[in-house]
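Below is one structure, written out as structure tokens; the observations come after it.
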Amino acid sequence: MRLDSVSMYFERSQGMFGPPQKVGAVVDVSLDIHPGEIIALVGESGCGKTTLGSIITGLQKPTSGKVLYKGQEVTKLSGEKANQFRGDVQLVQQDSYAALNPMRTIYQSLSAPILQRKIVRGRKAARSRVIELLQTVGLTPPERFLDKYPHQLSGGQRQRILMARAISLNPKIIVADEPVSMIDVSLRISILNLMSELNRKLDIAIIYITHDLATARYIAGRGRMAVMYLGRVMELGGVNDVLSHPKHPYLQALLSAVPTPDPEIAKAMADLPLRSLEMPNAAKPPSGCRFHPRCPMATDRCSSEEPQLRLVGSEQTACHYAEEAHELWQRKMADIGAIKSV
Amino acid sequence: GTSAPGLVDRLSAGEVKDMQQPVPDAQIKYNKDKIFHVLGGWPKPPLYQGNPFGSGGTGDTNNRYMFEGLFFFIRSMNNVYNRLAESSEDTEQTTTVHLHQNVKWHDGAPFTSKDVWAYYRLNNGAEVTKYLTSIETPDDYTIVFHWMNPAPYPELRKLLLAQDLQGQIPYHIYKKYVDKADALLKEAKPLTDKSKDGPFNLDITDELSKKIALNWNEFTRAGPKIPVGTGPYKFEKVTTTDMLLDKFEDYWRPDAVHFDKIWIKNVPELSAQYALVKAGKLDWYDGTPPKDILESLLKQNKDLVHYRMYDPASVGLMYNIRNKPFDNLKFRQALTYVLDKKKLREIGNFYGQEYPKISMTGIMPSSLEKEVDKSVLDQMTDYTTNLDKAAELLKEIGWTKGSDGLWRDPDGKVPSFIIGAPNNWAPGVNSAQIAAEQFTKFGIPTKLKAVDSTIYFSNADKGQYDMSMDWVDVSWGFQNPWSSMRVLFWQGTKTKVGFPNVKKKDADGNEVDTGKLDLKLKGIDGKVYDIDKEMKRFPYVQDEQERRKIIDNLAWIANENCWGVNFFQNATGAWLNTKTMSGNFPMMDQIVQYNRDMPLATDPDEQLAITHLNHGFNSTYMPEEYWPR
Amino acid sequence: MSLKGVLKRIGVSLITVFLAMLLTFFLLRMTPGSAIDTWARDFATQRGMSLEEAYRQITAMINYNPKEPIFTQLGRYLGGLLHGNLGMSMIYQNVSVNEIIANALPWTLFVLSVSLVISFLIGINLGAMMAFKRKTVLDPIISIYAILTSSVPNFIVGILLLVIFAFQFGWFPVNGAYDPIVEPGFNLPFILNVLYHGALPILTYVITTIGTWALTMKGSAVNVLGEDYIVAASIRGVSERTLMSRYVKRNAMLPLITTLAVNFGFMLGGSPLIENVFSYPGMGYYIGQATQQRDYTLMQGLLLVTSIAVILANLASDLIYAKLDPRVKLEEG
Amino acid sequence: MEPLVEVRGLTIEFPMRAGLLRAVNEADFVIPKGQITALVGESGSGKSTMASAIMRAISVPGRVAGGSITFDGRDVMSLGKKELQAYKWEQVSMVFQAAQNALNPVARIKDQIIETFRAHSKSYTEKQMVDKARNLLDYVRLDPDRVLNSFPHELSGGMKQRVMIAFSLLLDPQLVILDEPTTALDVITQAYIFDILKKIHKDMNITMLLLTHDIGVVAKAADRVGVMYAGNVVEAGDVYDMFKRPKHPYTAKLMKAVPSLYEDVSERKGIPGSPPDLLNMPPGCPFHPRCEYAHAKCKEQNPIKVYTPAGHEVACHLYPNPESVAEVRTS
Amino acid sequence: MSQGFIDFWQTMYRNKKAFSGMIILAIFIFMAIFGPMMASLDMTVNFDGRYKSPSFAHWLGTDYGGRDTFLQLVYGSRDVLSIGLFAALFTLVLGFVIGAVSGFVGGKTDTVLMFITNLFLTVPSFPVLMIVAALVQIKNPVMFSFILAAWSWAPLARAIRSQLLSLKNREFIIACRIMGLKTPYILFREILPNLTPYLAINFIMAAQGAIVASVGLMMLGLAPYSPTNWGMMIQLAVQNTGGIFNPKGYIYLISPIMCLGLFQMACIFFSNGLEEALNPRLRS
Ligand SMILES: Nc1ncnc2c1ncn2[C@@H]1O[C@H](COP(=O)(O)OP(=O)(O)OP(=O)(O)O)[C@@H](O)[C@H]1O
Ligand SMILES: Nc1ncnc2c1ncn2[C@@H]1O[C@H](COP(=O)(O)OP(=O)(O)OP(=O)(O)O)[C@@H](O)[C@H]1O
Ligand SMILES: [Mg+2]
Ligand SMILES: [Mg+2]
């Protein structure tokens, strides 16, 4: 799948008078998704991750730009092709409780799509397929779950059901929107492990949306990461490269905000390298670099000239002073001794 | 006042003597304001228009105190008295009326013969004008009515005049409209076609008729917004719920007016009316509640007296002969045999009187013996409840009774009939419900539809129900056998039963309904009579014996043809509050005996006095024989 | 709230009223029988002519022809409407519908709004109390009361009140909106008299609706009580009284505001029975009269005014809602 | 280390239709004065319940079935109505778990602040109240003018959370309980709020109790950590100690289950199984069904807590006495 | 399914109010079906036996015509219940179809349907009821119910629509859409089950409303009189036979009121329980 300078604007009415404002949730994003790859989409709340995700799943139509699937524009698909696309791209949502019909049992929720889409025929086949799916996502013994209602399961179990539902249609791409943020710490890792297992075994590409850099790093170890800010991609590259050599000051701020489960490092981490906490209004993005009002390194150039994505080192970044920023970061990290591994 | 002595105690204590004389002002204890409290109805302002002929009028009860006619009569007894007429005399072709000379309108203008003339010229649709050729006013206090030739028999003449309870309007106020109407009438040519009738024997063309109607309409809209009459009380004030009338100081019979004000309340809800009666807040109330309520009201308020009397009207059911199988006489008779009238009466109006033998005669049952010859009565079919007879009749016409107890018509279908009744008429609805139950129980499933009264009548006239409830054997206007026969053959009963009309071919060959009754039936003597003809000639038959014969025959025909059933003759009554009011209470000597729950009077004087109390409608009652206490 | 939103709402409301008017117009013309029938019947007896003749004369008189094409009738009606003229009543020939409504509407509005406010206020307080003090006798008593009062038609309650308070004890007048003895106008005796006369109708409405308000409020308040901010406030030490009034009541009341408008409309349409019991000269009386006597123009006018009142009530409730709930913006809807 | 709050043998039960639910089970816990103490544990482990017990604000069907809580030497459980009013919020205040919903949606912030003041001391004038609120809002880096006149829905999640922090400081309490103050907020806001909290802690010397399930947050903010599991406090100790050398198998696994930005990520494992159903507690140690060291005794008996002189405490059959804890430490 | 059924009953059984409501309703239904078969009602007038106090022969005394009040109530239950149930069914179907289509399809359809709905909500129902009923000849209970339903569906449709609007954007519905499932499937298999508790409650409320309204229609003469209909009995007691003023008639007046009240109470209690029993989340 390929996203070609996709943008998404929402209209938001403003006050008693005045025309509605346009909110750029996703601005000019280009991204290729290769079969079987994992891409982590990270960024602050409201930066447009979910919107991008729903564009990929075809749930929303971008206001401009093209989404190409297997070379064809998604919005123009019809008939059998469209149907196929619907099966090939799946979504795993954040709130596993809301994502399951509370009035239907697990078996009903899982068997309906495969029966409706004629992936299997007959109740018997459906049942054995559902059991198989449950096993795949590690819910054993599967029979115990078939007649349960969603509320009778724990969050982790429900999240596994969502995975099972997503893979039931043999998709090529799964968009996972913060799949673990509502799950207890003790269970998060196993869900993440399950996801990479599915990625590896079934060769499904995964778009992992999160604001938790640590889990992004964990799951997308071999994949890529895109860092978004106010609808734009700020940095894009291999996960390890991006995290260990952050170039964009925004990414650096994000990194320093992540609490580390190591009291020494955590306590040594200085205050946020940010000038303000508040994100600017997405309807009136700042001129030039969108990040400049909060950027500790911003200069006049930043407020006038919008930086484009460019290759710095092995990854792409959109900052005029990427090299300098990278330099500063490396020094700081060395100071607190955070860079041990990698 | 529960602790205060009630009427019976006072009577026993000999405290009643003062009741025969007006109470001196100083002795008035309970009604110091000298207000007479009654109920009445009128359109709520702004609908109230002050013109009694305007839409909605000024209210029936209220009019009694504000307006008077030349004559005054008691409807159920047919007694006619002079009122504004001091005297009157008949010749073969004329009736001359002399007026009282000291009568004044409420606005002070003198009342003259012109006011009477004005009424009939303007309101030229009044029934009596059809029998007149002209009205003359030789002087201010004399009116001469010229009758057509032949003239109606004398008794009928008087009734025709007396039924116009307000046979005058203030000419000085409505001059413009009266003169216009007079001028319009003068444009008309005399009638030549004898089958038609018109006012003053004039041929009113369509064009003229429209002009007259327009003038009438403008008259009803003309001011003043308050009614002006000659009656003992004049209009003072009206709100949606209350009306105040004030004593008319210039009334021509000042001695007859004992109360200073009349306070009329408009309370439509029946329970609320009873409550007012019970609380002693009304001095006079007409109506007879169901037995248990009546008894409890008397028990709870010891000052009340209830008088009972027959209403010249009966509650009854009419068969719609347009619908099958009601076109079949035997079927109608069978149904009539099914009904148990005692039960109908008990539920419909407990104090009413049922006459189980007759079906429907066109004559008020209580005067049947007076109006119809005994030998004729004896020859009438007796419809007293007889289920076997009913079954027999049904079998004769091919009906069979199934094992489920239901009757089937000759086609083997179980019938299902609807009785229609106006929903706001409790005696009718309640008794009709019982009738439906009796038919159903007999095996002829029947249901009642209690229909909103305003659509009910037009629906029933169009024949929408299999059977319909209404007043039967009743005469509106004045009490006379001919008058009640008119209702049967020409008016309400005719349309509900669905008597056929004479059809004529018009110029284009289309059939048109002339509206004229087409009913030719075998009479008691075996000869076939054209009912319409018999009815038409009746008013002009001067010989009383011949008139009686016509009525005998018509009553017999009606009963034999069984077009409907007279359930019971209605009883009504009046309540008097003796605490606030004193006066010539009828049957005084029996009040203790019956503990104020007075039975039907047998003595003619008492009957008359009681009938005075409850005029029914169409007569005038003035509390002249009562005064504040 | 955007101006455009409000304008749009008003526009939609206007169209709704217009269509409602059309609907009733056609419905009314389709019904059998009309005021003319009744009038003709009266006219015939009054003037001693045949029914057909009376009918003919009357239609000529009022320049109304039932056989006239319905769209011509509609056109004439709309023409009048444009000038704010609702036409003349058919049963009361020289009274305009405008005049009738001007006389009736204030009384109904008075009784309805006073009783709605009273029952709403008492109802929500009772409801809040039921929710707040869960395990008291209040709850079952009010629940049963609410069920009973909603199963008895309200006019029966009216009659009962009439019997008890007006007749048994004589505390209240039997009927009417004021005594004929007082001078109408803006003076104290008159106002007191009006309140005195309105007391029983108002009481009837209050008695019959209070239970439902209380139950609805209880449901709503129980939900609110489960909200975090209530717990938080009580931990902060906010007194129970404040908690009840500023937190529970205020928040739980919000969903009921919309019901208020619905109820208003419901009561407007349903007032004939009660107004009849108390002979109260409000809209209901005329609605009953006009419907019974098929006075098209009067009925049309009354229905129009009622629909407008309902729509205004809805609008008002939205505005009140927006005022009470800072979260609401009038955009949607 | 002087304790401000001492919880001893605290048991809290919720009688439910399906049975008796023990949300807190004979828990011992100490909050030292002037420190930030963290309580970690999975969802439903009883953190909030314990905190609300300290505040004397257990929600409706709940009741304290045993144990004691002392605050600054006073028995909290036996406070009278008046004393309680002076205790709540004036001594201990709280920042609630769902800050989003902890403010009355239909009242302005200013009114809610005044209400809180009024509920406690009537001696303040309105101006004094507002001034104090202004200072505090300024302190949490909010624009006082704007915030005071706002309705809650006009503020973002981060702002509301900061308003709640200002709220908690209104009456200068000794202890502030922070119940997951940053869940549902994104990383940057979270970091920012912790910066503010740490500053408050330093400047005002306020004792804090931080309830969280985020190990990273604990590492960053706390001086001392307690670990709760299914209503039991299974381990407590100094933060460095806990992270470097966790004693209880649950703690150890919990630490291991968190992915880090800097450490090797290849071998992370979740804890198998799921937390027990509090209505259907397994006999013995509540953790035994998920514990790889579980043996027969674990299935029968809930381990007793052992205390080391260094202030470390742990409840596990692996450590039958204080010495054994040290033993393991060296090994 | 069978497990669901058992759960349903268990929940109903556990909830005391709901259970008592259910029992009362069951008694009423039993009464409606079998009552008239077990005892026959003799409507013959026995005037001297009117307004009798309750006795062994007449459990609730007699009416103004001396007929057994209790038996009338029993016979009336058939009428009351069938009209109530039919009317509720029609109301529900109309309300659901219009509301659901409006909410789910959206766009112009929604605008038009909601407009019509608002129209029905705007025009006061009482006069319109009179007009419509004058136009239509009511011949059987089904038609009667249909007329009653004709003006009770509007509020329901509006409520269903708003529920649908919120359900439509719930995540599990979005998931269905992403999986490319067909609209009818989503509407009837995914959304409808979520509305059942709501519909169930409304069914009962609509039944109640219809029973009260049916009396109005009979009084207007638009439907044949059914003197044993409970509402009609109240009407007869109050208006036609002057009930409130009749000291003997109190039991006759109060019996049908109590019956209606009891029925309503049972309905409300039962519907409370229904919500719990139909919603798996509340069930455990
Ligand atoms: N349907 C919509 N209508 C209007 N604005 C929207 C809509 N959906 C999203 N937005 C706006 O678009 C922007 C991006 O939203 P999005 O949900 O994609 O962010 P996100 O990165 O997923 O945030 P979070 O981490 O909080 O989930 C936000 O400013 C949001 O307010
Ligand atoms: N009011 C209540 N009624 C019934 N049970 C309750 C109540 N409050 C808490 N519980 C139960 O007590 C247990 C502990 O809940 P508590 O809120 O203390 O957990 P927690 O550790 O704070 O969890 P979280 O991280 O989800 O906030 C839970 O099982 C919960 O269901
Ligand atoms: Mg998102
Ligand atoms: Mg918690």
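No hydrogens, no waters, no symmetry mates; every other heavy atom, side chains included, goes into these values. No experiment lies behind these values; they were computed from the predicted model shown.
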So E:Val80 and E:Phe28, do their side chains get closer than 4.5 Å, heavy atoms only?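 Not touching, per the 4.5 Å side-chain cut-off.
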pair C:Tyr145-C:Ile207: side-chain heavy atoms closer than 4.5 Å: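 Yes, close enough: below the 4.5 Å cut-off.
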Suppose the criterion is salt bridge (Lys or Arg N to Asp or Glu O under 4.0 Å): which pairs have a residue in residues 247-264 of chain E, not counting sequence neighbours? B:Asp292-E:Lys248
List, one per line, each side-chain donor-acceptor pair under 3.5 Å for residues 162-170 of chain E, sequence neighbours excluded.
{"residue": "E:Ser162", "atom": "OG", "partner": "E:Ala159", "partner atom": "O", "Å": "2.9"}
{"residue": "E:Ser166", "atom": "OG", "partner": "E:Gln163", "partner atom": "O", "Å": "3.2"}
{"residue": "E:Lys168", "atom": "NZ", "partner": "E:Gly103", "partner atom": "O", "Å": "3.3"}

Highest number of heavy-atom pairs under 4.5 Å with chain E among C:Ala313, C:Ser307, C:Ala309 belongs to C:Ser307
Side chain, backbone, both or neither of C:Ile308 within contact of chain E (heavy atoms, under 4.5 Å): neither
Tell me, for C:Val17 versus chain E, whether the close heavy atoms (under 4.5 Å) come from the side chain, the backbone, both or neither. neither
Against chain C, label E:Ile116 side chain, backbone, both or neither, depending on which of its atoms sit under 4.5 Å from a heavy atom there. neither
